[in-house]
Participant: 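This is the structure, below, for whatever I ask next.
Chain A is the first sequence line, chain B the second, and so forth, proteins listed ahead of strands; every chain is numbered from 1.
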Amino acid sequence: MGHEWPLWEIFIRSQHGLAHKHVGSLHAPDAEMAVKNARDVYTRRNEGVSIWVVKSADIVASSPGKKEPMFEPASSKVYRHPTFFPMPDEVKHI
Amino acid sequence: MYAQMVDTGAKRLRSLDELSPEEREFQARIDADIKIEPKDWMPEAYRKTLIRQISQHAHSEIVGMLPEGNWITRAPSLKRKAILMAKVQDEAGHGLYLYCAAETLGVSRDELVADLHSGKAKYSSIFNYPTLTWADIGAIGWLVDGAAIMNQIPLCRCSFGPYSRAMIRVCKEESFHQRQGFDIMMTLCRGSAEQKAMAQDALNRWWWPSLMMFGPPDATSVHSAQSAQWKIKMLSNDELRQRFVDQTVPQADYLGIKMPDAQLKWNAERGHYDFGPIDWDELYSVVKGNGPCNRERLRARVEAWEEGAWVRDAAMAHAEKHAARKAA
(Lines give C-alpha, C1' and ligand atoms only; values in the text may rest on other atoms or scores of the structure.)
Protein backbone atom coordinates (compact mmCIF):
# COMPACT_ATOMS: atom_id res chain seq x y z
CA MET A 1 0.00 0.00 0.00
CA GLY A 2 1.38 3.41 -0.99
CA HIS A 3 0.96 6.35 1.32
CA GLU A 4 -2.43 7.90 1.71
CA TRP A 5 -3.49 10.99 -0.24
CA PRO A 6 -3.44 14.08 1.98
CA LEU A 7 -6.65 15.48 3.47
CA TRP A 8 -8.10 18.80 2.24
CA GLU A 9 -10.75 20.99 3.84
CA ILE A 10 -13.37 22.21 1.38
CA PHE A 11 -15.07 25.62 1.40
CA ILE A 12 -17.94 26.45 -0.94
CA ARG A 13 -19.57 29.78 -1.77
CA SER A 14 -23.24 29.38 -2.55
CA GLN A 15 -25.03 31.41 -5.19
CA HIS A 16 -26.43 33.94 -2.78
CA GLY A 17 -23.37 36.11 -2.28
CA LEU A 18 -22.42 34.70 1.11
CA ALA A 19 -18.87 33.95 2.22
CA HIS A 20 -17.22 30.58 1.51
CA LYS A 21 -18.41 28.09 4.08
CA HIS A 22 -16.72 24.93 5.31
CA VAL A 23 -18.61 21.89 4.01
CA GLY A 24 -16.32 18.97 4.82
CA SER A 25 -13.09 17.39 3.72
CA LEU A 26 -11.74 14.90 1.20
CA HIS A 27 -8.55 13.17 0.08
CA ALA A 28 -6.69 14.19 -3.07
CA PRO A 29 -3.08 13.96 -4.27
CA ASP A 30 -2.83 17.70 -5.06
CA ALA A 31 -4.79 20.97 -5.02
CA GLU A 32 -6.01 20.65 -8.58
CA MET A 33 -7.47 17.19 -7.96
CA ALA A 34 -8.90 18.39 -4.65
CA VAL A 35 -10.91 21.06 -6.51
CA LYS A 36 -12.13 18.50 -9.06
CA ASN A 37 -13.08 15.98 -6.38
CA ALA A 38 -14.77 18.71 -4.34
CA ARG A 39 -16.96 19.51 -7.33
CA ASP A 40 -18.16 15.90 -7.47
CA VAL A 41 -18.47 15.33 -3.73
CA TYR A 42 -19.92 18.65 -2.58
CA THR A 43 -21.66 20.39 -5.50
CA ARG A 44 -23.75 17.73 -7.23
CA ARG A 45 -26.90 19.85 -6.78
CA ASN A 46 -25.75 23.38 -7.64
CA GLU A 47 -24.62 24.06 -4.09
CA GLY A 48 -21.89 26.42 -5.15
CA VAL A 49 -20.33 28.87 -7.56
CA SER A 50 -16.83 28.83 -6.09
CA ILE A 51 -14.64 26.27 -4.30
CA TRP A 52 -11.66 26.81 -2.00
CA VAL A 53 -9.47 23.90 -0.93
CA VAL A 54 -6.97 24.11 1.93
CA LYS A 55 -4.69 21.34 3.13
CA SER A 56 -6.03 20.24 6.52
CA ALA A 57 -2.50 20.21 7.91
CA ASP A 58 -2.22 23.94 7.15
CA ILE A 59 -5.20 24.96 9.26
CA VAL A 60 -4.37 26.56 12.58
CA ALA A 61 -7.21 26.33 15.09
CA SER A 62 -7.91 27.82 18.50
CA SER A 63 -7.52 25.31 21.29
CA PRO A 64 -10.77 23.84 22.67
CA GLY A 65 -9.09 23.57 26.10
CA LYS A 66 -8.68 27.37 26.17
CA LYS A 67 -12.26 28.06 25.18
CA GLU A 68 -13.02 29.99 28.37
CA PRO A 69 -10.11 32.47 28.50
CA MET A 70 -10.48 32.89 24.74
CA PHE A 71 -14.18 33.67 24.48
CA GLU A 72 -15.41 34.59 27.95
CA PRO A 73 -14.23 38.22 27.88
CA ALA A 74 -16.87 38.93 25.24
CA SER A 75 -19.78 37.67 27.32
CA SER A 76 -19.51 40.45 29.94
CA LYS A 77 -19.58 43.21 27.31
CA VAL A 78 -23.27 43.28 26.69
CA TYR A 79 -23.07 46.98 25.74
CA ARG A 80 -21.70 45.81 22.39
CA HIS A 81 -25.23 44.87 21.42
CA PRO A 82 -27.71 47.57 20.34
CA THR A 83 -30.43 46.15 22.59
CA PHE A 84 -28.36 47.27 25.61
CA PHE A 85 -29.60 50.82 24.99
CA PRO A 86 -33.37 51.17 25.50
CA MET A 87 -34.80 53.85 23.23
CA PRO A 88 -37.89 55.87 24.07
CA ASP A 89 -40.92 54.99 21.93
CA GLU A 90 -41.18 58.57 20.66
CA VAL A 91 -37.76 58.39 19.05
CA LYS A 92 -38.07 56.95 15.57
CA HIS A 93 -35.68 55.52 12.98
CA ILE A 94 -32.92 54.52 15.38
CA MET B 1 -29.78 -0.11 10.12
CA TYR B 2 -26.92 1.01 7.93
CA ALA B 3 -25.07 0.58 11.21
CA GLN B 4 -26.34 -2.58 12.90
CA MET B 5 -25.37 -4.09 16.24
CA VAL B 6 -22.59 -1.59 16.96
CA ASP B 7 -20.47 -2.70 19.90
CA THR B 8 -20.14 -0.01 22.60
CA GLY B 9 -17.82 -2.03 24.83
CA ALA B 10 -20.42 -1.61 27.60
CA LYS B 11 -21.74 -4.59 29.54
CA ARG B 12 -24.34 -2.44 31.27
CA LEU B 13 -25.21 1.19 31.69
CA ARG B 14 -23.31 2.83 34.56
CA SER B 15 -25.11 5.23 36.87
CA LEU B 16 -24.07 8.87 37.12
CA ASP B 17 -22.14 8.44 40.39
CA GLU B 18 -20.04 5.66 38.84
CA LEU B 19 -18.70 8.08 36.24
CA SER B 20 -15.47 10.05 36.59
CA PRO B 21 -15.85 13.87 36.93
CA GLU B 22 -14.81 14.26 33.28
CA GLU B 23 -17.32 11.67 32.13
CA ARG B 24 -20.04 13.32 34.17
CA GLU B 25 -19.32 16.70 32.63
CA PHE B 26 -19.29 15.08 29.20
CA GLN B 27 -22.67 13.43 29.84
CA ALA B 28 -24.06 16.74 31.09
CA ARG B 29 -23.10 18.41 27.80
CA ILE B 30 -24.82 15.65 25.86
CA ASP B 31 -27.92 15.91 28.05
CA ALA B 32 -27.98 19.66 27.36
CA ASP B 33 -27.84 18.94 23.59
CA ILE B 34 -24.45 20.60 23.20
CA LYS B 35 -22.63 19.04 20.25
CA ILE B 36 -19.37 17.22 20.88
CA GLU B 37 -16.67 18.32 18.45
CA PRO B 38 -13.61 16.27 17.43
CA LYS B 39 -11.05 18.10 19.60
CA ASP B 40 -13.24 18.09 22.73
CA TRP B 41 -12.53 15.63 25.52
CA MET B 42 -14.55 12.42 25.13
CA PRO B 43 -14.53 9.00 26.79
CA GLU B 44 -12.44 6.51 24.84
CA ALA B 45 -15.44 4.17 24.50
CA TYR B 46 -17.53 6.97 22.92
CA ARG B 47 -14.76 7.64 20.40
CA LYS B 48 -14.32 3.95 19.56
CA THR B 49 -18.05 3.29 19.29
CA LEU B 50 -18.48 6.25 16.96
CA ILE B 51 -15.60 5.11 14.75
CA ARG B 52 -17.28 1.69 14.52
CA GLN B 53 -20.71 3.15 13.84
CA ILE B 54 -19.73 5.85 11.35
CA SER B 55 -17.32 3.60 9.44
CA GLN B 56 -19.92 0.83 9.27
CA HIS B 57 -22.35 3.39 7.93
CA ALA B 58 -19.75 4.58 5.36
CA HIS B 59 -18.90 1.02 4.29
CA SER B 60 -22.63 0.36 3.77
CA GLU B 61 -22.90 3.32 1.41
CA ILE B 62 -19.93 2.10 -0.62
CA VAL B 63 -20.84 -1.61 -0.69
CA GLY B 64 -24.43 -0.55 -1.40
CA MET B 65 -23.27 0.76 -4.78
CA LEU B 66 -22.61 -2.83 -5.93
CA PRO B 67 -26.13 -4.32 -6.07
CA GLU B 68 -27.45 -1.20 -7.84
CA GLY B 69 -24.41 -0.79 -10.08
CA ASN B 70 -25.33 -4.26 -11.34
CA TRP B 71 -28.25 -2.75 -13.25
CA ILE B 72 -26.72 0.44 -14.69
CA THR B 73 -25.83 -1.15 -18.02
CA ARG B 74 -29.23 -2.86 -18.24
CA ALA B 75 -31.55 -0.05 -17.13
CA PRO B 76 -34.68 -0.12 -19.31
CA SER B 77 -34.24 3.40 -20.74
CA LEU B 78 -31.67 6.15 -21.03
CA LYS B 79 -33.63 8.22 -18.52
CA ARG B 80 -33.65 5.41 -15.94
CA LYS B 81 -29.95 4.83 -16.56
CA ALA B 82 -29.05 8.49 -15.97
CA ILE B 83 -31.15 8.52 -12.79
CA LEU B 84 -29.60 5.30 -11.49
CA MET B 85 -26.10 6.59 -12.18
CA ALA B 86 -26.86 9.79 -10.28
CA LYS B 87 -28.22 7.73 -7.40
CA VAL B 88 -25.21 5.43 -7.23
CA GLN B 89 -22.91 8.47 -7.44
CA ASP B 90 -24.77 9.96 -4.47
CA GLU B 91 -24.06 6.78 -2.48
CA ALA B 92 -20.35 7.25 -3.17
CA GLY B 93 -20.68 10.83 -1.95
CA HIS B 94 -22.48 9.71 1.20
CA GLY B 95 -19.72 7.20 1.89
CA LEU B 96 -17.15 9.99 1.54
CA TYR B 97 -18.99 12.41 3.86
CA LEU B 98 -19.09 9.65 6.45
CA TYR B 99 -15.45 8.57 6.10
CA CYS B 100 -14.50 12.23 6.63
CA ALA B 101 -16.64 12.39 9.77
CA ALA B 102 -14.94 9.23 11.08
CA GLU B 103 -11.50 10.62 10.28
CA THR B 104 -12.07 13.58 12.60
CA LEU B 105 -11.87 10.99 15.42
CA GLY B 106 -8.23 10.27 14.65
CA VAL B 107 -8.40 7.28 12.33
CA SER B 108 -7.38 7.31 8.66
CA ARG B 109 -9.63 6.31 5.79
CA ASP B 110 -7.11 3.72 4.61
CA GLU B 111 -7.25 2.04 8.03
CA LEU B 112 -11.04 1.96 7.88
CA VAL B 113 -11.02 0.50 4.38
CA ALA B 114 -8.44 -2.11 5.46
CA ASP B 115 -10.79 -3.15 8.29
CA LEU B 116 -13.63 -3.59 5.81
CA HIS B 117 -11.47 -5.70 3.51
CA SER B 118 -10.17 -7.91 6.31
CA GLY B 119 -13.75 -8.57 7.48
CA LYS B 120 -13.11 -6.85 10.84
CA ALA B 121 -15.55 -4.03 10.06
CA LYS B 122 -19.11 -4.76 9.00
CA TYR B 123 -21.57 -3.15 6.63
CA SER B 124 -25.36 -3.43 6.55
CA SER B 125 -26.72 -6.96 6.07
CA ILE B 126 -29.10 -5.74 3.36
CA PHE B 127 -26.41 -5.40 0.71
CA ASN B 128 -25.66 -9.11 0.80
CA TYR B 129 -28.81 -9.90 -1.15
CA PRO B 130 -28.74 -10.12 -4.96
CA THR B 131 -30.53 -7.80 -7.41
CA LEU B 132 -32.13 -10.34 -9.72
CA THR B 133 -34.49 -8.15 -11.75
CA TRP B 134 -34.99 -4.47 -12.62
CA ALA B 135 -37.82 -4.38 -10.07
CA ASP B 136 -35.20 -4.93 -7.36
CA ILE B 137 -33.83 -1.47 -8.14
CA GLY B 138 -37.31 -0.10 -7.46
CA ALA B 139 -37.65 -2.12 -4.26
CA ILE B 140 -34.24 -1.02 -2.98
CA GLY B 141 -34.98 2.67 -3.47
CA TRP B 142 -38.44 2.41 -1.97
CA LEU B 143 -37.72 0.04 0.94
CA VAL B 144 -33.98 0.11 1.66
CA ASP B 145 -33.54 3.85 1.21
CA GLY B 146 -36.87 4.35 2.96
CA ALA B 147 -35.57 2.42 5.96
CA ALA B 148 -32.30 4.34 5.82
CA ILE B 149 -34.13 7.69 5.91
CA MET B 150 -36.15 6.50 8.90
CA ASN B 151 -32.92 5.93 10.78
CA GLN B 152 -30.95 8.88 9.48
CA ILE B 153 -33.41 11.69 10.14
CA PRO B 154 -33.16 11.27 13.93
CA LEU B 155 -29.35 10.95 13.59
CA CYS B 156 -29.24 14.54 12.27
CA ARG B 157 -29.70 15.45 15.97
CA CYS B 158 -26.99 13.08 17.27
CA SER B 159 -24.40 14.32 19.75
CA PHE B 160 -21.29 14.23 17.54
CA GLY B 161 -21.04 17.37 15.38
CA PRO B 162 -19.35 15.96 12.25
CA TYR B 163 -21.68 12.91 12.17
CA SER B 164 -24.75 15.06 12.62
CA ARG B 165 -23.64 17.43 9.85
CA ALA B 166 -22.94 14.51 7.49
CA MET B 167 -26.41 13.12 8.23
CA ILE B 168 -28.04 16.45 7.41
CA ARG B 169 -26.38 16.45 3.98
CA VAL B 170 -27.25 12.80 3.40
CA CYS B 171 -30.90 13.26 4.35
CA LYS B 172 -31.28 16.18 1.94
CA GLU B 173 -30.22 13.89 -0.90
CA GLU B 174 -31.77 10.62 0.20
CA SER B 175 -35.39 11.42 -0.44
CA PHE B 176 -34.67 11.52 -4.19
CA HIS B 177 -33.46 7.90 -3.83
CA GLN B 178 -36.64 6.72 -2.19
CA ARG B 179 -38.88 8.51 -4.66
CA GLN B 180 -37.05 7.21 -7.73
CA GLY B 181 -37.50 3.69 -6.31
CA PHE B 182 -41.20 4.19 -5.70
CA ASP B 183 -41.52 5.66 -9.20
CA ILE B 184 -40.02 2.47 -10.68
CA MET B 185 -42.45 0.36 -8.63
CA MET B 186 -45.37 2.53 -9.70
CA THR B 187 -44.47 2.19 -13.37
CA LEU B 188 -44.19 -1.59 -13.06
CA CYS B 189 -47.45 -1.88 -11.13
CA ARG B 190 -49.30 0.13 -13.76
CA GLY B 191 -47.76 -1.96 -16.54
CA SER B 192 -48.47 -5.47 -17.82
CA ALA B 193 -49.39 -8.41 -15.58
CA GLU B 194 -45.81 -9.69 -15.91
CA GLN B 195 -44.40 -6.32 -14.83
CA LYS B 196 -46.68 -6.18 -11.81
CA ALA B 197 -45.70 -9.75 -10.90
CA MET B 198 -42.06 -8.66 -11.10
CA ALA B 199 -42.75 -5.82 -8.65
CA GLN B 200 -44.54 -8.24 -6.29
CA ASP B 201 -41.64 -10.69 -6.51
CA ALA B 202 -39.15 -7.95 -5.61
CA LEU B 203 -41.28 -6.92 -2.62
CA ASN B 204 -41.47 -10.58 -1.52
CA ARG B 205 -37.70 -10.86 -1.48
CA TRP B 206 -36.80 -7.42 -0.02
CA TRP B 207 -39.47 -6.96 2.65
CA TRP B 208 -38.06 -9.13 5.43
CA PRO B 209 -34.40 -8.19 4.86
CA SER B 210 -35.52 -4.51 5.01
CA LEU B 211 -37.11 -5.07 8.42
CA MET B 212 -33.90 -6.77 9.58
CA MET B 213 -31.94 -3.63 8.68
CA PHE B 214 -33.15 -2.03 11.92
CA GLY B 215 -31.22 -4.63 13.92
CA PRO B 216 -32.20 -7.19 16.56
CA PRO B 217 -35.20 -6.64 18.86
CA ASP B 218 -34.65 -4.17 21.70
CA ALA B 219 -34.84 -6.91 24.32
CA THR B 220 -31.68 -8.57 22.97
CA SER B 221 -29.80 -5.43 22.00
CA VAL B 222 -27.15 -4.96 24.69
CA HIS B 223 -25.47 -1.85 23.35
CA SER B 224 -28.53 0.26 22.63
CA ALA B 225 -28.86 1.73 26.13
CA GLN B 226 -25.31 3.09 26.13
CA SER B 227 -25.65 4.45 22.58
CA ALA B 228 -28.96 6.08 23.50
CA GLN B 229 -27.42 7.74 26.54
CA TRP B 230 -24.62 9.11 24.38
CA LYS B 231 -27.23 10.26 21.83
CA ILE B 232 -25.64 8.44 18.94
CA LYS B 233 -28.75 6.29 18.67
CA MET B 234 -31.89 8.37 18.95
CA LEU B 235 -34.69 5.80 18.64
CA SER B 236 -34.70 2.08 19.42
CA ASN B 237 -34.57 -0.65 16.77
CA ASP B 238 -38.15 -1.73 17.41
CA GLU B 239 -39.52 1.84 17.39
CA LEU B 240 -37.89 2.57 14.04
CA ARG B 241 -39.03 -0.76 12.61
CA GLN B 242 -42.64 -0.11 13.65
CA ARG B 243 -42.57 3.37 12.14
CA PHE B 244 -41.22 1.93 8.92
CA VAL B 245 -43.94 -0.73 8.73
CA ASP B 246 -46.66 1.84 9.49
CA GLN B 247 -45.47 4.19 6.78
CA THR B 248 -44.78 1.54 4.12
CA VAL B 249 -47.87 -0.69 4.22
CA PRO B 250 -50.23 2.03 2.88
CA GLN B 251 -47.71 2.69 0.08
CA ALA B 252 -47.85 -1.00 -0.92
CA ASP B 253 -51.65 -0.78 -0.80
CA TYR B 254 -51.47 2.12 -3.23
CA LEU B 255 -49.27 0.07 -5.55
CA GLY B 256 -51.69 -2.84 -5.27
CA ILE B 257 -49.05 -5.32 -4.10
CA LYS B 258 -48.86 -7.22 -0.80
CA MET B 259 -46.23 -7.65 1.89
CA PRO B 260 -45.27 -11.35 2.18
CA ASP B 261 -46.64 -11.53 5.72
CA ALA B 262 -49.93 -13.34 6.47
CA GLN B 263 -49.99 -11.88 10.00
CA LEU B 264 -49.70 -8.26 8.90
CA LYS B 265 -52.80 -6.40 10.02
CA TRP B 266 -53.88 -3.00 11.35
CA ASN B 267 -54.31 -2.96 15.10
CA ALA B 268 -56.72 -0.12 15.88
CA GLU B 269 -56.12 -0.39 19.60
CA ARG B 270 -52.34 0.11 19.28
CA GLY B 271 -52.68 2.48 16.34
CA HIS B 272 -50.02 0.45 14.54
CA TYR B 273 -49.70 -2.49 12.18
CA ASP B 274 -49.00 -5.85 13.80
CA PHE B 275 -46.58 -7.96 11.82
CA GLY B 276 -45.32 -11.54 11.86
CA PRO B 277 -42.13 -12.81 13.52
CA ILE B 278 -38.80 -11.98 11.89
CA ASP B 279 -36.33 -14.79 11.21
CA TRP B 280 -33.44 -13.49 13.33
CA ASP B 281 -31.30 -16.52 12.54
CA GLU B 282 -31.22 -15.27 8.97
CA LEU B 283 -29.94 -11.85 10.09
CA TYR B 284 -27.23 -13.33 12.32
CA SER B 285 -26.17 -15.68 9.56
CA VAL B 286 -25.91 -12.84 7.01
CA VAL B 287 -24.00 -10.65 9.49
CA LYS B 288 -21.59 -13.54 10.11
CA GLY B 289 -20.79 -13.62 6.41
CA ASN B 290 -23.11 -16.32 5.12
CA GLY B 291 -25.66 -14.28 3.15
CA PRO B 292 -26.18 -14.99 -0.54
CA CYS B 293 -23.64 -12.38 -1.72
CA ASN B 294 -21.24 -11.65 1.19
CA ARG B 295 -18.20 -13.17 -0.51
CA GLU B 296 -18.99 -11.62 -3.88
CA ARG B 297 -19.42 -8.12 -2.37
CA LEU B 298 -16.19 -8.19 -0.43
CA ARG B 299 -14.30 -9.66 -3.38
CA ALA B 300 -15.54 -6.83 -5.61
CA ARG B 301 -14.43 -4.20 -3.06
CA VAL B 302 -10.97 -5.72 -2.55
CA GLU B 303 -10.49 -6.10 -6.29
CA ALA B 304 -11.41 -2.46 -6.93
CA TRP B 305 -9.00 -1.35 -4.20
CA GLU B 306 -6.10 -3.47 -5.39
CA GLU B 307 -6.56 -2.78 -9.07
CA GLY B 308 -6.82 0.96 -8.38
CA ALA B 309 -3.62 1.03 -6.32
CA TRP B 310 -1.39 1.97 -9.24
CA VAL B 311 -3.66 4.92 -10.08
CA ARG B 312 -3.51 6.25 -6.52
CA ASP B 313 0.26 5.78 -6.40
CA ALA B 314 0.81 7.39 -9.80
CA ALA B 315 -1.32 10.42 -8.86
CA MET B 316 0.64 10.85 -5.64
CA ALA B 317 4.00 10.47 -7.42
CA HIS B 318 2.90 13.05 -9.98
CA ALA B 319 1.84 15.49 -7.26
CA GLU B 320 5.11 15.02 -5.37
CA LYS B 321 7.20 15.53 -8.51
CA HIS B 322 5.39 18.78 -9.27
CA ALA B 323 5.69 20.01 -5.69
CA ALA B 324 9.42 19.29 -5.75
CA ARG B 325 9.85 21.09 -9.08
CA LYS B 326 7.97 24.11 -7.74
CA ALA B 327 10.15 24.20 -4.61
CA ALA B 328 13.39 24.05 -6.65
Participant: Taking CD in B:E25 as the centre, count heavy atoms belonging to other residues, nucleotides or ligands within less than 6.0 Å. Is the count above 12?
Facilitator: no
Participant: Using only atom types and a distance under 3.5 Å, with no angle test, would you say the side chain of B:R109 pairs donor to acceptor with the backbone of A:E4?
Facilitator: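 No: the side chain of B:R109 does not pair with the backbone of A:E4.
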Participant: What is the minimum heavy-atom distance between B:C100 and A:S25, and which atoms define it?
Facilitator: SG-O, 2.7 Å
Participant: Would one find more than 12 heavy atoms of other residues, nucleotides or ligands at under 6.0 Å from atom CD of A:E68?
Facilitator: no
Participant: Which pair of non-hydrogen atoms, one from A:R44 and one from B:G93, has the smallest distance, and what is that distance?
Facilitator: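 Looking at all heavy atoms of both residues, the closest pair is NH1-CA, 3.8 Å.
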Participant: Are the side chains of B:R312 and A:H27 in contact, using a 4.5 Å heavy-atom criterion?
Facilitator: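 A:H27 does not reach B:R312 side chain to side chain.
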Participant: Can you tell which part of B:A315 gets under 4.5 Å to a heavy atom of chain A, answering side chain, backbone, both or neither?
Facilitator: both
Participant: Roughly how far apart are B:H322 NE2 and A:D30 CG, rounded to 0.5 Å?
Facilitator: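 The CG atom of A:D30 is 8.5 Å from NE2 of B:H322, to the nearest 0.5 Å.
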Participant: Roughly how far apart are B:K172 NZ and A:E47 CD, rounded to 0.5 Å?
Facilitator: 8.0 Å
Participant: Around atom CD1 of A:I59, are there more than 12 heavy atoms of other residues, nucleotides or ligands at under 6.0 Å?
Facilitator: yes
Participant: Got more than 12 heavy atoms from elsewhere within 6.0 Å of NZ, B:K35?
Facilitator: yes
Participant: Do B:M316 and A:P6 have side chains that get closer than 4.5 Å, going by heavy atoms?
Facilitator: yes
Participant: What's the separation between atom CH2 in A:W5 and atom CG in B:D110, rounded to the nearest 0.5 Å?
Facilitator: 10.0 Å
Participant: At a heavy-atom separation under 4.5 Å, does A:E32 approach chain B through its side chain, its backbone, both, or neither?
Facilitator: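 Neither part.
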Participant: Donor-acceptor check, side chain of B:Y97 to backbone of A:V41, threshold 3.5 angstrom: yes or no?
Facilitator: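 Such a contact is found between B:Y97 side chain and A:V41 backbone.
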Participant: For the interface with chain A, which of B:E306, B:R169, B:H318 has the highest count of heavy-atom pairs at distances below 4.5 Å?
Facilitator: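 Heavy-atom pairs under 4.5 Å are most numerous for B:R169.
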Participant: Quick one, A:H3 and B:E320 - any side-chain contact, counting heavy atoms below 4.5 Å?
Facilitator: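 Yes - at least one pair of side-chain heavy atoms lies under 4.5 Å apart.
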Participant: Please check if the number of heavy atoms outside A:K77 that lie under 6.0 Å from its NZ is greater than 12.
Facilitator: yes
Participant: Could you tell me whether A:R39 atom CZ has more than 12 heavy atoms of other residues or ligands within 6.0 Å of it?
Facilitator: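 No.
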